[in-house]
Participant: 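My questions will all concern the structure given below.
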There are 2 protein chains.
Amino acid sequence: MTPLADGPESTTLSPHVRQKRQRRRAEILHAALRAFRENGYHATTLEDIAEHLGVRKTALYHYFPDKEAILYACHRESLGEIERMMKSARKLATASERLAYVIREHVRIMTETLEGSPLAFEVTAFSPDRAGEIIAARDRYERWLRKIIDQGIKDGEFRAVDSKIAVFAVLGAINWIARWYRPEGTIHAPELGREFAEHLVGGLTCG
Amino acid sequence: MTPLADGPESTTLSPHVRQKRQRRRAEILHAALRAFRENGYHATTLEDIAEHLGVRKTALYHYFPDKEAILYACHRESLGEIERMMKSARKLATASERLAYVIREHVRIMTETLEGSPLAFEVTAFSPDRAGEIIAARDRYERWLRKIIDQGIKDGEFRAVDSKIAVFAVLGAINWIARWYRPEGTIHAPELGREFAEHLVGGLTCG
DNA sequence: TCAAAATTTGAATACCTGTTCAAATTCAGG
DNA sequence: CCTGAATTTGAACAGGTATTCAAATTTTGA
């Protein structure tokens, strides 16, 4: 019994057990991210994820109510990091500095936390209610990026580009990392972040 | 009978019938691209595709041996356009001009021919043999792009960037179009191509 | 108009995978 | 240790969907 599944990691669990449970949840998310990276959400089976952990697929149901909940948890974690990053970007003064910082940090999140998993690719996999939340958070991020660029234009740092299009270019370059980046490859994450920042910010400053 | 399915649109078909058959194949590909754009390859059912055509799913088997073959045909068509574009880019002299042209044309292909369908997202859906051909063509395109950038660096037009990373930034921005572009939206394809070209080429020239 | 060919259909099949559940196993902690 | 809780397991179920195939329908071309 005890189909706790998910819910508030709340009550009546001894600290030790609760810790262990949370660690296992993290391991499952980790394995899921790797699997999603290889094959995408739909083509990934629960057995693929379980196999990474040396366990049978039914064991996963002790931690998540269904497959979608795993994808959802991955998104939540990812969006949380993005929002933390948005806050810490406040300390930068100019639009160029801020945008460069955001690009470097987003690249770092993609490569470190997500292992380059193409989370942003899988929005359509959610049932309507959950999709709403994810899409809202994504839109908030996009609008925030757009404001940075508009500010840069107003301050004369950037050319008078269409900021909507520019944001899509930036996010496209970053999200696409999921399609080719491999942690064990020759391209290293910090350099990747720097190069992307120079390329994408540079394209706005010069004319 | 006559399970011709695919194969060389070759023999023993009266011209009129052959033409009609090819038109139907094109219609199927068209419908498939639209469906793939909405939901991705795996989440798209043969019935989804058939519905667009007002026909039952089993009818599709008269034109393609299986679902994967439909995706394969979409890729072939897309890669054909890319290769034509590569040839026509020869007439441009400088690396900047050539790269800008390629970006504008690739954007046009994404928005017009493919209706913004995320073909490049679905490479992992193929069985090994077919995957090889698609990946080889994609790699050829990437190497060709990289040469343009390396030439630009040598000629002093571009900064001394890592051309591999720069190519990924360019392709990421372009392929990501599939995730947000809608033909009926406010952003128009030609402007999109121009903005992308200025942004992504500009990021290499200035510094 | 008519026969042969092409196309479409509907029913049936087979397989895959997400999910449930009760039983077995492992673990926590006094 | 020992007991109850937590975790894992294996078997079975359920729903969906790609695929097959023979029959029905439509189209071709003379």
Side-chain angles (χ1 to χ4, degrees), chain A residues 1-7 9-28 31-32 35-36 39-72 122 125-127, chain B residues 1-7 9-28 31-32 35-36 39-73 122 125-127 130:
Chain A
M1 266 182 221
T2 343
L4 270 185
D6 185 294
E9 298 300 329
S10 52
T11 49
T12 53
L13 286 181
S14 83
H16 180 211
V17 172
R18 177 163 25 179
Q19 241 183 14
K20 193 178 149 200
R21 181 181 175 80
Q22 286 183 350
R23 217 177 313 144
R24 202 94 177 102
R25 271 181 66 103
E27 283 173 1
I28 292 173
F36 294 159
N39 303 317
Y41 174 73
H42 281 105
T44 296
T45 96
L46 289 179
E47 274 190 350
D48 292 337
I49 300 174
E51 205 173 346
H52 274 289
L53 301 165
V55 96
R56 299 275 171 233
K57 64 179 170 183
T58 49
L60 304 179
Y61 284 87
H62 225 260
Y63 301 90
F64 298 93
D66 52 33
K67 187 185 176 187
E68 193 191 305
I70 297 178
L71 182 65
Y72 181 71
E122 310 288 5
F126 287 111
S127 51
Chain B
M1 260 177 226
T2 342
L4 270 186
D6 185 295
E9 297 303 328
S10 52
T11 48
T12 52
L13 286 180
S14 83
H16 180 213
V17 172
R18 177 164 25 179
Q19 239 182 15
K20 193 179 148 199
R21 181 182 176 81
Q22 286 183 349
R23 217 176 313 144
R24 201 94 176 104
R25 272 180 66 101
E27 282 172 3
I28 292 173
F36 293 159
N39 303 316
Y41 173 73
H42 281 104
T44 297
T45 94
L46 289 179
E47 273 189 353
D48 291 338
I49 299 174
E51 206 173 344
H52 274 289
L53 302 166
V55 96
R56 300 276 170 232
K57 63 180 169 183
T58 49
L60 304 179
Y61 284 89
H62 225 258
Y63 299 92
F64 298 94
D66 53 33
K67 186 184 174 187
E68 193 190 303
I70 297 179
L71 182 66
Y72 181 72
E122 311 286 7
F126 287 112
S127 51
R130 275 176 179 162

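Below, read A as the first sequence line, B as the second, and so on, with proteins coming before strands; counting in each chain starts at 1.
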Participant: Between B:K57 and B:T45 (side chain of the first, backbone of the second, donor and acceptor by atom type, cut-off under 3.5 Å), is there such a pair?
Facilitator: no
Participant: Which atoms form the tightest heavy-atom contact between A:L60 and A:L46, and what is the distance?
Facilitator: CD1-O, 3.6 Å
Participant: Output yes when at least one side-chain N/O atom of A:Y61 is less than 4.0 Å from OP1 or OP2 of C:dC21, else no.
Facilitator: no
Participant: Atom CD of A:E47 to atom C1' of D:dT9: distance rounded to whole Å?
Facilitator: 12 Å
Participant: Checking all strands, does B:T45 fall into the base, sugar-phosphate, or nothing category for heavy-atom contacts under 4.0 angstrom?
Facilitator: sugar-phosphate
Participant: So A:I70 and A:Y63, do their side chains get closer than 4.5 Å, heavy atoms only?
Facilitator: no
Participant: Taking CG from B:N39 and P from D:dT17, how many angstroms apart are they, rounded to a whole number?
Facilitator: 11 Å
Participant: Within this structure, what is the CG-to-P distance between A:L53 and D:dT9, rounded to whole angstrom?
Facilitator: 10 Å
Participant: To the nearest 0.5 Å, how far apart are NE2 in B:H52 and CD in B:E27?
Facilitator: 13.0 Å
Participant: Touch check for A:K57, heavy atoms < 4.0 angstrom, all strands: base, sugar-phosphate only, or nothing?
Facilitator: base
Participant: Taking C-beta and beyond as the side chain, do A:K67 and A:Y41 meet within less than 4.5 Å on heavy atoms?
Facilitator: yes
Participant: Considering heavy-atom distances to DNA chain D, does B:L46 or B:H16 have its closest nucleotide positioned more toward the 5' end?
Facilitator: B:L46
Participant: Could you tell me how far apart A:K67 (NZ) and D:dA14 (P) are, to the nearest whole angstrom?
Facilitator: 21 Å
Participant: Between C:dT17 atom P and A:I49 atom CD1, what is the distance in whole Å?
Facilitator: 12 Å
Participant: Whether A:R21 contacts D:dA6 is assessed here as follows: a side-chain N or O lying under 4.0 Å from the phosphate OP1 or OP2. Is that the case?
Facilitator: no
Participant: Between A:Y63 (OH) and D:dA6 (P), how many Å, whole number?
Facilitator: 11 Å
Participant: For DNA chain D, whose closest nucleotide is more 5', that of B:K20 or that of B:T44?
Facilitator: B:T44
Participant: What integer distance in Å separates B:L60:CG from D:dT20:P?
Facilitator: 13 Å
Participant: Hey, is the side chain of B:R24 poking within less than 4.0 Å of OP1 or OP2 on C:dT8, counting only N and O atoms?
Facilitator: yes
Participant: Out of C:dA6, D:dT7, C:dT19, which nucleotide sits closest to the side chain of A:V17?
Facilitator: D:dT7
Participant: Rounded off to whole Å, could you give me the CD-to-P distance for the B:Q22 and C:dA6 pair?
Facilitator: 15 Å
